[in-house]
Amino acid sequence: MKQNKMKKTFFLTAFAALAGTLAFTGCDEKKAAEQAPKGPAEIAAAVETVKYEELKIVRELPGRVDAVRLADVSARVTGILLERKFEEGAKVEKDQVLFQIDPAPLKAARDAAAAQVEVAKANLNGAQITFNRFSELVKTGGVSRQNYDDAMIAVDTAKAALLAAEAQLQSAEISLGYATVTAPISGIIGAALVTEGGMVSGNALTKMAVIQQMDPINFDFTQSATALLELRKAIAVGTVEKIDENTVPVKLIFDDGTVYEHAGKLKFSEVSVDKSTGMYTLRAEFPNPDNLLLPGMFARAVLEEGVNKQAILVPQKAVSLGTAGKATIFTVNENDMVIPRPITIGKMEGDAWTVTSGLKPGDRIAADGLISIGMALSQNRENGVKIVAPAQTPAPAESAPEAPAEAEK
């Protein structure tokens, strides 16, 4: 009996303690609810008003350097190569001697042709003397008319033989000249493709070296037809003002990000689009006085195509990027309340995003404080977030000038 009474007393005590705890907890929750702010959360942030700005339409397009002119140095006569007279990789001038082919056989052929000319001249001289004599005799009947005609034909034949001999001599002299191989253009010459002592053939046009004209030099690059179509549409509706291509400079950027010091100029663009790639070709010409640009070198061309007079730019720190490239910005209404809004962004321009849709001139946006605003919105969904002006940082007080130390007595 006594044991039952003790159990009953224990349960009553525990129940009373639990009830007291619940009552105390309820009071705390009620007190916390009473102390919680009823209005919107206030976040200090800068506010900017959206406006149209002028923005240059700049394309950065990859491509490769290409020589303006390229010439193959080939053998035009057959013979043994005696000497190479240039430094590989050096600059050569037009008509500079590059190779020397053995001229001895060619000189012999030239001398033989010269001898044939002399023979032809002698034959012509003899035929002319005979013809002159028969011209007088035919008048007195000293020779027949047939003999006179034969003498005249002999003179014409001798003249023709002389012309043929002189042509053979000229051909032999040209061939002898080809034994000294010269540069057809000025430029940078590559490695020699033949060595001394080797046989070169004029019939097969043995390639001996390659010269590339390096200054000026071309840069060929491509652009998608889609980008061209978008630009033309923007020009048609007036949002983009076209720049005169003849006055637009083209800049060149190397792989390491450095910019080539000389500006180029656009030369031409293809009038048709490549069916396999959907691209069209552009070519720019650059000065290359130091031969820094080499054929085959990869780089990127920066080309200004127009001016967008209705561009909208917002600070990079004002845009929140989500998954799949979705962007959000915090707009601020007339009551300074924050309203999230999805936007579509384009290219980055410096420290700002270009906005292609979602904003219009006159809209107000929070220019910074994205993390604080986002946290406040998640914690205070019911009352929202209000933007207040950031506190002004007081200027540092100027320190008072030190008092001059008293002179020692």
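Only a predicted model underlies this, so the values are computations on that prediction, with no experimental measurement involved. The residues of the chain are indexed from 1 along the displayed sequence.
Nearest heavy atoms, A165 versus V117: O-CG2, 3.2 Å. Taking every heavy atom of both residues into account, P340 and L377 meet most closely at CG-CD1, 4.0 Å. Residues P315 and I365 approach most closely at CD-CD1, 4.3 Å, considering heavy atoms. The nearest pair of heavy atoms linking A151 to T130 is CB-CG2, 4.2 Å. Closest approach of E196 to R84, counting heavy atoms only: OE2-N, 3.2 Å. The shortest non-hydrogen separation linking L292 to Y260 is CD2-CE1, 3.9 Å.
A donor-acceptor pair under 3.5 Å links the side-chain atoms of D368 to the main chain of A46, judged by distance alone. Side-chain N or O atoms of N288 include none that pairs as donor or acceptor with a backbone N or O of D215 at under 3.5 Å. Formation of a donor-acceptor pair under 3.5 Å by the Q96 side chain with backbone atoms of E93 is found in this model. Using a distance-only test at 3.5 Å, with no hydrogens or angles considered, no donor-acceptor pair links the side chain of N335 to the main chain of M337. Using modelled atom types, one side-chain atom of T157 and one backbone atom of I153 make a donor-acceptor pair closer than 3.5 Å. One N or O on the side chain of S378 and one on the backbone of M375 form a donor-acceptor pair closer than 3.5 Å. Counting only distance, with no hydrogens or angles, the side chain of Q212 and the backbone of P295 share no donor-acceptor pair below 3.5 Å. A distance-only check finds a donor-acceptor pair linking the side chain of S186 to the backbone of K94 [under 3.5 Å]. A donor-acceptor pair under 3.5 Å links the side-chain atoms of S175 to the main chain of S171, judged by distance alone. Put simply, the side chain of D220 never gets that close to the backbone of R283: no donor and acceptor are under 3.5 Å apart.
Looking only at atom types and distance, the side chain of D274 has a donor-acceptor partner in the side chain of S276 under 3.5 Å away. Checked by atom type, the side-chain pair E349/T354 shows no donor-acceptor distance below 3.5 Å.
Here the side chains of P40 and V385 are not in contact, with every heavy-atom distance at 4.5 Å or above. Residues P216 and F286 fail the side-chain proximity criterion, which asks for heavy atoms closer than 4.5 Å. Put simply, the side chain of E166 reaches to within 4.5 Å of the side chain of L163, judged on heavy atoms. The closest side-chain heavy-atom distance from M199 to V194 is not below 4.5 Å. Counting heavy atoms from C-beta on, the side chains of F219 and M297 never come closer than 4.5 Å. With a 4.5 Å cut-off on side-chain heavy atoms, V92 and L98 count as touching. In this structure, V155 and L124 have side chains that are in contact, with non-hydrogen atoms separated by less than 4.5 Å. Under the 4.5 Å side-chain criterion, counting only non-hydrogen atoms from C-beta, I339 is in contact with N333.
In this structure, K326 NZ and L321 CG are separated by 13.0 Å, a value rounded to the nearest 0.5 Å. Here the CZ-CZ distance, from F134 to R145, works out to 13.0 Å after rounding to the nearest 0.5 Å. One finds the OG1 atom of T182 at 12.0 Å from the CD1 atom of I185 (value rounded to the nearest 0.5 Å). With rounding to the nearest 0.5 Å, the separation of NZ in K107 from CG in L176 is 6.5 Å. Atom OG1 of T206 and atom CD1 of I101 lie 8.5 Å apart (nearest 0.5 Å). Going from atom CG of L106 over to atom CD1 of I174 covers 12.5 Å, rounded to the nearest 0.5 Å.
Remark: D351 CG is loosely packed, at most 12 non-hydrogen atoms of other residues, nucleotides or ligands lying under 6.0 Å away.
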L169 vs R110, side chain to side chain contact (heavy atoms under 4.5 Å, CB included): CA-CA, chis, key distance, verdict:
CA-CA 6 Å; L169 175 59; R110 188 272 313 271; 4.0 Å; yes
Would you sort out whether V200 and T78 count as a side chain to side chain contact (heavy atoms under 4.5 Å, CB included), showing the intermediate values?
CA-CA 6 Å; V200 295; T78 300; over 6 Å; no
Assess whether side chain to side chain contact (heavy atoms under 4.5 Å, CB included) is satisfied between E83 and F99, documenting all intermediate values.
CA-CA 6 Å; E83 186 179 2; F99 297 96; over 6 Å; no
Criterion side chain to side chain contact (heavy atoms under 4.5 Å, CB included) on I345 and T356, from CA distance to verdict
CA-CA 6 Å; I345 57 175; T356 57; over 6 Å; no
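When L313, I312, V319, I343 are each tested for a side-chain contact (heavy atoms from CB on, under 4.5 Å) with W353, only one passes: V319. Results of the side-chain contact (heavy atoms from CB on, under 4.5 Å) test with T331 over V47, L359, V338, V50 single out L359 as the only residue that passes.
Taking the charged nitrogens against the carboxylate oxygens, K386 and D336 have no contact shorter than 4.0 Å, which rules out a salt bridge. Salt-bridge check for R341 with D363: passed, with a basic side-chain N closer than 4.0 Å to an acidic carboxylate O. A salt bridge links R300 with E60: the closest approach of a Lys/Arg side-chain nitrogen to an acidic carboxylate oxygen falls below 4.0 angstrom.
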Which donor-acceptor pairs under 3.5 Å do the side chains of residues 61-76 make with protein atoms, sequence neighbours left out?
| unit_1 | atom_1 | unit_2 | atom_2 | d |
| --- | --- | --- | --- | --- |
| R64 | NH1 | G296 | O | 2.9 |
| R69 | NH1 | Q213 | OE1 | 3.3 |
| R76 | NH2 | Y178 | OH | 2.8 |

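A cation-pi geometry, defined here as NZ or CZ lying under 6.0 Å from the six-membered ring centre and within 45° of its normal, does not hold between R133 and F131.
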